[in-house]
Amino acid sequence: MNVAIAFPRYDPQGRTFVTWRPVEVMLKLVAPSPGPASVNVTVSAKTLASGGSLLFADHLTHAGSPTIDVTLPGNGQEVAIWVGGAFPTASSRYGDVSLVVRDKASGLTLGTQDLMVRIRKDANTLSVAERDRFLAALATLNGAGTGRYNDFRDMHVGGPPDTEAHGGPGFLPWHRSYLLDFERELQAIDPEVTLPYWRFDRAAPNVFTRAFMGVANALNQVQFAAGNPLTGWVASGLPGIDRGRGIGPSTVPSVLGEKQTLALGGTATPSFGSFRTMQGNPHGRAHMSHVAGWITNPTTAPRDPIFFLLHCNVDRLWAKWQWATKIHDPAKPASFAAGTFPPGHNLPDALWPWCGPLAPPRPTTAPGGGLAQSPMTDAPPASPKVREMIDYLGTRTPAHHAFAYDDVPFQI
Amino acid sequence: MAIEDTVDIEELRKQYLSEVEVEAAAASSPAVAPAALESHAMAAQHEPEAVRDMVTALPLDEEAYEASVRTLLDILGNDALDPAPRLSALNTLGAAEFQPAAFAPFHAEFIELLRRLALHRSKDIRTAALERLTLTNDPEAQRLLREGLEKIRRPLVTAAKAVQLLARDDHGSAIPLFRRLAANATGQVREQALRALAVDPKSIPLFEEIAANKQERTQLRQIAAVNLKNTSASRFAKLARDLVLDEQEVDKLRAVAVSAIAHTSDVAARLKSPAFTESVLALGASTGSRALKASVARLSKTLGDTKA
């Protein structure tokens, strides 16, 4: 007798990944005939050292428990439970946590499923193994200047693309889509990788080292330890990374702090319209905290890989504001800016370049094609709209984006 | 089975929100007003440090944006001020540029001002202006830098810095100059010129010569090797194999070669053979360099994954 465990999604290697957002998992008793009328089982998590944790419930909730008792009919009828990562305990590698089904009476194991609570983490807290996997995937995506990375560079350049990315309230949804596309490309290389974020309101002594994002010399050229995969980084035909010396291991940039940033949205009647002023400070100031180099100009910024970590933190701040204010529903006016804005910056607008080439004055080319799809979810679609980038955790609908942050819980 | 305490998410949220409210209350005192900054900066007895701090605290939200940028441009262009507050103003203007739609009305004036400052008597201001202008391929800044290197005019920055800034030009208009410097210059200037030739196919023989020459500095050889990888996979494959198999080579260069092979599938496919894989594994087992060991581990995986 055993229990078949069916997660909603698996990747081509048969692996499954969750975030804090629970997913519906089906359990089914597989017993010789004639079998028992029913079997009582307990579902729990088995966690290895530094592994992720799981929570269980019989419905979609943020308040699951570490175990759940389930009665499985002997006729093989499926029973649904909900399984999500237990905030804030994320995995560091695949299989460091397993779902285990045991017979309640005997304690015998009837079924197991390895998985990973795959969460975006603070770059400064990554383990060496996590850091190195991320760097290896990043270097592969760059392909020494010949890889898919070039599309991401070209999406974020001056002229009409600049208007798409920065020219209105779509700034945050656009970059959320951009980062998700980028992260999914990294995960196509190594599914255990997530995009880490650089908390630019704190010192990051483990990030600005030769072993990770590098250390700039007097000529603003970033130096790496031998063997750091970014040694072979090439952007726009130039090897290496052009970055000023504004940020050292102990530098705390002069930008709004996390809570100050969330306070921009207002506290009595919080609104995205106010919160989005973070585009100037801390976002713009974080770019300029490096003083010089590619990262200090919107056109050249994506040539520096720190750009993706910086923007991941910008997106995390938006995610945290959404959680703190419970404003995830795009149908609520406070979830986005009120008014009419340039194309690409209104809720129903398709986001470029994932929607394809457009007529002037919008960009007439579209590098990169549709948004990369994830084996773990169908959302957002390959051509996302602004409104589809708001409820990334699927608090209102099943359409979650299969990413989450290590300090932003799922909450209904 | 370990039962862990679960986090009360709603309680966590309320606690966090109360902390945000404290921050909001603290921020309710007015930010630095652009007009106040301007009048302080223009006063004869202004304090440079106070001006710099006020510049840093200037708001860039929608309401204050226009007045803030106007003030920043005035401070940046004010020759009566010390370089420090002016450089702070330039930095904050850079942050303002990340809202390009709002910055558009000021863009032309900003570029004109930067071009003027590229000739300023203060080296720090000159360098900062040229840094920003070259990020956007400004032809005037490129001309000034090129003329300095060609000794047509007095150099505005060091020769190495000039090469580095000119190398940002996406159109590669200074490539012939870089070829001359990579062949004939010395020290940092030569290194920067070599770096700037990264994708120049006409420099492939030079890359091969420098990368293989043990008399050259390791840093220079490393740049040459990476350039060769960028320009000719077949010729880099030969060089990389030689570097990996040469027991007298420096570990740093071998690690770079191994790492480059691991991350370039074309090169890995060219080198894949049982004998090479065996040599790589032996290198990983015998070296004391952690970087080289890590690179070998990656390459072993790549060679295992690469179809011959």
Side-chain angles (χ1 to χ4, degrees), chain A residues 44 47 53 55 62-67 86-88 132 136 139-140 143-145 158 162-163 166-168 219-221 225-227 229 231-232 234 236-240 242 254 257 259-260 262-263 267 277 279-281 283-285 287-288 291-292 294 296-300 323-324 409 411, chain B residues 1-4 6-7 9-10 12-13 16-17 19-21 23-24 27 56 59-62 65 91-92 94-101 128 131-132 135-136 160-161 164 167-168 170 188 192 195-196 198-199 223 226-227 229-230 251-252 255-256 259-260 263-264 289 291-292 294-295 298:
Chain A
S44 62
T47 299
S53 286
L55 290 180
H62 58 265
S65 59
T67 67
F87 181 86
D132 288 350
T140 302
D162 212 6
T163 307
H166 303 100
L219 278 170
N220 296 346
Q221 278 157 351
T231 303
V234 177
S236 297
L238 273 182
D242 183 338
S254 183
K259 288 169 188 146
Q260 291 172 315
L262 265 72
T267 49
T277 60
Q279 188 176 346
N281 188 4
H283 160 250
R285 287 189 190 268
H287 276 274
M288 290 307 298
V291 179
W294 289 335
T296 62
N297 182 277
T299 297
T300 54
W323 165 67
Q411 185 175 8
Chain B
M1 180 172 59
I3 305 291
E4 299 168 33
T6 56
V7 176
I9 301 293
E10 177 58 11
L12 187 69
R13 192 185 73 84
Y16 184 78
L17 210 48
E19 292 166 13
V20 171
E21 281 164 4
E23 291 287 345
T56 306
L60 289 176
D61 58 288
E62 210 167 347
Y65 189 89
N91 190 278
T92 306
E97 270 197 294
F98 278 88
Q99 293 160 274
E131 279 273 3
R132 287 217 69 77
L135 282 172
T136 51
K161 186 71 186 173
Q164 187 229 336
R168 288 173 168 173
D170 290 338
Q188 278 288 340
Q192 294 306 317
R195 192 184 293 276
V199 291
I223 296 167
V226 172
N227 288 3
K229 176 168 69 77
N230 296 336
D251 282 345
K252 188 177 179 187
V256 167
S259 186
H263 290 101
T264 316
S289 159
L292 188 48
S295 297
R298 265 196 299 275

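First the proteins, then the strands, lettered A, B, ... as listed; each starts at 1.
Here the side chains of L60(B) and Q279(A) are not in contact, with every heavy-atom distance at 4.5 Å or above. Side-chain contact check for E131(B) versus N220(A): some heavy-atom pair is nearer than 4.5 Å. Inter-residue side-chain proximity for P66(A) and T6(B) is flagged as met; some heavy-atom pair is nearer than 4.5 Å.
Of all heavy-atom pairs between P88(A) and V7(B), the closest is CD-CG2, 3.9 Å. When all heavy atoms of G227(A) and S295(B) are compared, the closest pair comes out as CA-OG, 3.4 Å. Summarising the geometry of E21(B) relative to T267(A), their closest heavy-atom pair is CG-CG2, 3.6 Å, with the distance given to 0.1 Å. Across every non-hydrogen atom of Y16(B) and A324(A), the tightest pair is CD2-CB, 4.0 Å.
Residue contact with chain A, scored on non-hydrogen atoms closer than 4.5 Å, involves the backbone and the side chain of A160(B) alike. Proximity to chain A involves both the backbone and the side chain of A167(B), based on heavy atoms less than 4.5 angstrom apart. For L12(B), the parts lying near chain A are the backbone and the side chain together; criterion is any non-hydrogen pair under 4.5 Å. Heavy atoms of S289(B) lying under 4.5 Å from chain A are absent altogether. Residue D251(B): no heavy atom, backbone or side chain, is found under 4.5 Å from chain A. Both the backbone and the side chain of Q99(B) have a heavy atom closer than 4.5 Å to some heavy atom of chain A. Of the atoms belonging to L135(B), heavy atoms from both backbone and side chain fall under 4.5 Å from chain A. With a 4.5 Å cut-off on non-hydrogen atoms, L238(A) touches chain B through its backbone and its side chain both. Interface residue V256(B): only side-chain heavy atoms are found under 4.5 Å from chain A. Looking at R132(B), only its side chain comes within 4.5 Å of chain A, counting heavy atoms on both sides.
Looking only at heavy-atom pairs under 4.5 Å with chain B, the residue among V291(A), V234(A), T296(A), L55(A) that has the most is T296(A). Between chain B and the options Q260(A), H62(A), H166(A), H287(A), heavy-atom pairs under 4.5 Å are most frequent for H287(A). In terms of heavy-atom pairs under 4.5 angstrom with chain A, the leader among R195(B), K229(B), K161(B) is R195(B). Here E19(B) is the residue among E19(B), K252(B), E97(B) with the most heavy-atom pairs under 4.5 Å with chain A. Listed options N281(A), T231(A), T300(A), L219(A) were ranked by heavy-atom pairs under 4.5 angstrom with chain B; first place goes to L219(A). Between chain B and the residues A292(A), S236(A), P239(A), P409(A), the most heavy-atom pairs under 4.5 angstrom are made by P239(A). Ranked by heavy-atom pairs shorter than 4.5 Å toward chain A, the options I223(B), N227(B), V226(B), N230(B) are led by N230(B). Contact count against chain B (heavy-atom pairs under 4.5 Å) is highest for G280(A) among G168(A), G280(A), A225(A).
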**OP:** Determine, stepwise, if the pair D242(A) / Q164(B) fulfils side-chain contact (heavy atoms from CB on, under 4.5 Å).
**Re:** CA-CA 9 Å; D242(A) 183 338; Q164(B) 187 229 336; 3.5 Å; yes

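Take R285(A) and apply the side-chain hydrogen bond (donor to acceptor under 3.5 Å, both in side chains) test, not counting sequence neighbours, and it matches no residue. With sequence neighbours excluded, the residues forming a side-chain contact (heavy atoms from CB on, under 4.5 Å) with T277(A) are L264(A), D61(B), listed by chain and number.
In this structure, the separation between CD on Q221(A) and CD on Q188(B) is 7.5 Å, given to the nearest 0.5 Å.
Distance alone, capped at 3.5 Å, is enough to place a donor-acceptor pair between the N91(B) side chain and the M288(A) backbone.
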